[in-house]
There are 2 protein chains.
Amino acid sequence: MRIGELARRAGVSTRALRYYEQQGLITARRAANGYREYSEADLRLVTEIRSLLTVGFTLEDARPFVACLRAGHESGASCPESVEVYRRKLAEIDGEIRTLLTRRAEVAAQLGAACPGCMFGPPPDRNEGES
Amino acid sequence: MRIGELARRAGVSTRALRYYEQQGLITARRAANGYREYSEADLRLVTEIRSLLTVGFTLEDARPFVACLRAGHESGASCPESVEVYRRKLAEIDGEIRTLLTRRAEVAAQLGAACPGCMFGPPPDRNEGES
DNA sequence: GTAGGCGTTGACGCCAGCGTCAAGGTCAAG
DNA sequence: CTTGACCTTGACGCTGGCGTCAACGCCTAC
């Protein structure tokens, strides 16, 4: 398939696909006229990238997953490099959550001091986030 | 005082001060030779801006606080516009925390599926963030 | 005079992940 | 032949808060 079809099926823009290629995440066979030609495996790669991005990963983070799929594994997370990225990201997210909780407490304290009676409820509980 | 001294006393770069001025957050009287001249009140404004930025506010968010101080109030948070920014920010932070908790759960689930036994403990609890 | 430590404005660089034109080539349908 | 949908590369724009030159003026000390 060509880039337009891949874009539609993957739910991304053609610009994004060319960008991923430029970043070395995906590659494309070229037809005689210069058009990019993609396979079903490429669709799989792009959907993997997209799902990772939507969870807050960067394109750099996605590299090991793509490499893992390219290496023939069924899941992009089957390789130790991918697992390592997961662990790193988990720690990173935890750090951000802690930072935000600290900020929230500071801002809430300031708001409470400036305007007693303006407060809502408590910070979001971790139970809410679990699906 | 001139820009260098203000920068040292406020703990920011001169570039930052000129940027705040360009954004209309602070203003400076000009000496005969064109040098910016600041007062103690300006130092107060800059420290207010800095403390807000470190808590995750943008310069845009800081505007009402600066205006409040300029209006003669002792605290930048004494004005209703500032309080409104606090409320907005609080809600914003809560949203980000919820997003991160959701992501954390998703990533943890993926990690658990890809590598059973790789998990650490639970997500950070809200009690940790409160000083 | 001159070294050098202060100040001035202007403008590009950075980070990420693209959006959005610009200016064209390709190909099938009518 | 022409229209029009598709494709190509190249390059600037965007968001925020500055860092970092560049090229120059001011002022004091020696």
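Residues satisfying the salt bridge (Lys or Arg N to Asp or Glu O under 4.0 Å) criterion with R29(A), sequence neighbours excluded, are absent altogether. Under the side chain to side chain donor-acceptor pair (under 3.5 Å) criterion, S39(B) pairs with D42(B), sequence neighbours left out. Among residues two or more places apart in sequence or in another chain, the side chain to side chain donor-acceptor pair (under 3.5 Å) test is passed with T14(B) by R18(B).
When DNA chain D is scanned 5' to 3' for any atom under 4.0 Å from a heavy atom of chain B, the first and last hits are dG17(D) to dC27(D).
Between R50(A) and the phosphate of dC18(C), there is a side-chain N or O to OP1/OP2 separation shorter than 4.0 Å.
Atom CZ of R2(A) and atom C1' of dT26(C) are 9 Å apart (whole Å).
Judged by distance alone, with hydrogens and angles left aside, the side-chain atoms of R44(A) form a donor-acceptor pair with the main-chain N or O of E74(A) at under 3.5 Å. Using a distance-only test at 3.5 Å, with no hydrogens or angles considered, a donor-acceptor pair links the side chain of E37(B) to the main chain of M1(B).
To the nearest 0.5 angstrom, I26(B) atom CD1 is 8.5 Å from R36(B) atom CZ.
Side-chain contact between D61(B) and T58(B): present, with at least one pair of heavy atoms (C-beta onward) separated by less than 4.5 Å. Using a 4.5 Å cut-off on side-chain heavy atoms (C-beta onward), Y20(B) and L45(B) make no contact.
Ion pairing of E92(B) with K89(B) is present here, as a side-chain N (NZ or NE/NH1/NH2) and a carboxylate O approach within less than 4.0 Å. One finds no salt bridge joining E96(A) and R104(B) here, because no Lys/Arg side-chain nitrogen approaches an Asp/Glu carboxylate oxygen to under 4.0 Å.
Listed by first then second residue, pairs satisfying disulfide (SG to SG under 2.5 Å) with a partner in residues 24-62 of chain A number zero, not counting sequence neighbours. Pairs engaging residues 27-46 of chain A under the ring-ring contact (aromatic ring centres under 6.0 Å, His included) rule: none recorded [sequence neighbours left out]. Listed by first and then second residue, the disulfide (SG to SG under 2.5 Å) pairs that reach into residues 30-67 of chain A come to none, sequence neighbours excluded.
Near-neighbour residues of DNA chain D inside residues 8-30 of chain A, defined by a heavy atom below 4.0 Å, number-ordered: R15(A), R18(A), R30(A). Annotation: proximity of residues 32-41 of chain B to DNA chain D (heavy atom, distance under 4.0 Å) is found for N33(B), Y35(B), numbered in ascending order. At a non-hydrogen distance threshold of 4.0 Å, T58(B), L59(B) from residues 56-68 of chain B come into contact with DNA chain D.
With axes fitted over five pairs at each extremity, the angle between the ends of the helix from dG1(C)-dC30(D) to dG30(C)-dC1(D) is 50° (10° resolution).
Under the side-chain contact (heavy atoms from CB on, under 4.5 Å) test applied with L100(B), the options I97(A), D94(A), L101(A) reduce to a single match, I97(A).
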Can I get a per-line list of side-chain donor-acceptor pairs under 3.5 Å for residues 63-73 of chain A, giving both atom names and the distance, sequence neighbours left out?
{"unit_1": "R63(A)", "atom_1": "NE", "unit_2": "E60(A)", "atom_2": "OE1", "d": "3.4"}
{"unit_1": "R63(A)", "atom_1": "NE", "unit_2": "E60(A)", "atom_2": "OE2", "d": "2.7"}
{"unit_1": "R63(A)", "atom_1": "NH1", "unit_2": "Q23(A)", "atom_2": "O", "d": "2.9"}
{"unit_1": "R63(A)", "atom_1": "NH2", "unit_2": "Q23(A)", "atom_2": "O", "d": "2.8"}
{"unit_1": "R63(A)", "atom_1": "NH2", "unit_2": "E60(A)", "atom_2": "OE1", "d": "3.4"}
{"unit_1": "R70(A)", "atom_1": "NH2", "unit_2": "L25(A)", "atom_2": "O", "d": "2.9"}

